[in-house]
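Working notes, structure below.
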Amino acid sequence: MTESSSSKLLNGGARHRPANGAKAARNGSVKSRCLFQQQKYLRPRGKVRPARVRSCENLLYNNHVARNGGMYKKPFVEYFEETPLLVAVLTYMGYGILTIFGYLRDFLRDWKIEKCHVAREREEQKDFVPLYQDFENFYTRNLYMRIRDNWNRPICSVPGAKMDLVERVTHDYNWTFEHTGKVIKDVINMGSYNYLGFAENTGACAAAAAEATQRYGAGVNSTRREMGNLDKHEELEVLVARFLGVEASMAFGMGFATNSMNIPALTGKGCLILSDELNHASLVLGARLSGSAIRVFKHNNMQSLEKLLRDAIVHGQPRTHRPWKKILILVEGIYSMEGSIVRLPEVIALKKKYKAYLYLDEAHSIGALGPGGKGVVDYFGLDPRDVDIMMGTFTKSFGAAGGYIGGKKELVDYLRTHSHSAVYATSMSPPVAQQIIASMKCIMGEDGTNLGRERLQQLSENTTYFRRRLHEMGFIIYGNEDSPVVPMMLYMPAKIGAFGREMLKRNIGTVVVGFPATPIIESRARFCISAAHTREMLDTCNVGYLLWSCFQLLGLNICVFLKPLCCLPFSLMIL
Amino acid sequence: MALSDAWKRLSWIYYQYLLVTALYMLEPWERTIFNSLVVSVAGMAVYTGYVFMPQHIMAILYYFEVIQ
């Protein structure tokens, strides 16, 4: 079905006008052969009158509902609300104050008035090029250290739906920590990538992994090429290939290393990599290590990608104008900082038209999207053979560690010999491989129970419910409606620390993210919904007393359309 | 009763001020420095207003020809 719709586009019989009625721009004959025309997103004129609480459907006119030529079977709704102006100004002001005080503290440290806890150059190296003067180090010393207790919290139980944290105190403002000896029990875990709830120490998967340890031990003591190729790995690879619907696959011990060590094996000098603006560090590192030319297109923006493709094909390599040896498009299934899903039907249509290769990194989407849990390809109902290289990790939905690459048999055979990871890195540990095998069989339904299907349904119900409730409460949420990664915007630097601490006081463990993982004013709290969360846990997390009082406490930013909530009386104040 | 409610509300407003200006993340002595700067600037503005307000009001009334 997809073949016919994309071939209709290739034959030029496409409808250029999308269903939401925006007019196509006509700037000369070259543009008119583009697959995707420019669309103007008009912001609503005048002030939005917050007369009464509107339903979520009314938010759609400010967001992109893509129905390009009937490629999408269900509406693709993503929200990326713009930062309100007042909030942006106040955030900059907050950062300005922190910077001034940062300079003051650096001055005091330099003049030895205050004791210096950070690394600094030795006396003999004072005339060398300074190591710690750039903005990253300044930021780490003066801003990150002040709220450092929100990260690296030691967990002393299974990171399932609830976990136990070790309690820490600091007496010198986060430079050093001490453990009090107590344990904070039953903290609701909203930060682990535990989408299907397989992070557990009881049940069939854990029992199978324990049995594998009994049989094979814990370590492999060799690389894949030399002596580390177990029959478990072969079994795993056949299973992964069957799960994804590809010809063959290869599994690696570390997800980050899968990207960074395999992209150099696939492209080299004379090739072009088109990567999305917000790609993960592993993809960026792999692209840079390969030595290819890298061009970046705007996040999830198909017009930008098409323009880059056309320029690349028309002009070729920079100075010689020779054609590129190959063009590789790097995209991710779900982008974990935004919660957005890639526009895969359009990317595949573009790739076919311009004869490029597609590398799809499904780190977060495998197991979490799609009716069968088979990732973003399943979610859109496309053919897995259209994607040349399907990569993913086992860390998120399968409760294990490692990554895989799937594709045609020739590709995987080539990678077995030419990948750095296969030659130099230790292969996957046997209990981990067994955990993946057991959980994958569970998801596919082959272990004889209904557990996989129940968990997939529970995850998508939880996602819809959580997102809907947060929207109703008026927070600014980014991302696609169906993605289990929910970033909630905080913006101001002090709210990052305050939010993390207040949620921990209320027994909810969250992940807050600031610069440099996000743009400097767009700091956020990221919730990862899990199938192991029950409705009561999600309720305590948002509806109750807890997040609501946090909201009141912190005065968090509310969606422009739901202003009336801020007029509620202060009766729920907690201090 | 009303006093404790008012006190709670004032505390909440002070907490919001701390969050928005990022003073929440600073150590107590840094907060003292910043608050004293803010108080002194505000005090100077109030004092200037007190000293010059009669002259400003006369000038406005003169401009609108209420007084000659």
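All chains are named by letter (A, B, ...) in the order of the sequence lines, taking the proteins before the strands, and each is independently numbered beginning at 1. Bear in mind the structure is a predicted one, so any value in this text is a computation, not a measurement.
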Residues, nucleotides or ligands: over 12 heavy atoms within 6.0 Å of [X] [atom1]:
X: B:Trp7; atom1: CH2; result: no
X: A:Trp111; atom1: CH2; result: no
X: B:Leu3; atom1: CG; result: no
X: A:Phe135; atom1: CZ; result: yes
X: A:Met93; atom1: CE; result: yes
X: B:Tyr14; atom1: OH; result: yes
X: A:Tyr92; atom1: OH; result: no

Minimum heavy-atom distance B:Ala22-A:Pro493, with the two atoms named: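 Scanning both residues, the minimum pair turns out to be CB-CG, 4.3 Å.
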Closest approach of A:Ala498 and B:Leu19, non-hydrogen atoms and distance?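 Heavy atoms of A:Ala498 and B:Leu19 come nearest at CB-CD2, 3.6 Å.
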Any side-chain heavy-atom pair of B:Tyr24 and A:Arg501 under 4.5 Å: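 Yes; the side chains approach each other to less than 4.5 Å.
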Measure the [atom1]-[atom2] distance between [X] and [Y] for me, rounded to the nearest 0.5 Å.
X: A:Leu98; Y: B:Thr21; atom1: CG; atom2: OG1; answer: 9.0 Å
X: B:Met25; Y: A:Tyr173; atom1: CE; atom2: OH; answer: 13.5 Å
X: B:Glu30; Y: A:Ile97; atom1: CD; atom2: CD1; answer: 12.0 Å
X: B:Gln16; Y: A:Lys495; atom1: CD; atom2: NZ; answer: 6.0 Å

Residue part contacting chain B, namely of A:Ile147, when any heavy atom lies under 4.5 Å: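 Answer is side chain: those atoms of A:Ile147 sit under 4.5 Å from chain B.
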Pick one of side chain, backbone, both or neither for A:Ile496, based on which atoms fall under 4.5 Å of a heavy atom in chain B.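 Nothing of A:Ile496, per the 4.5 Å heavy-atom cut-off to chain B.
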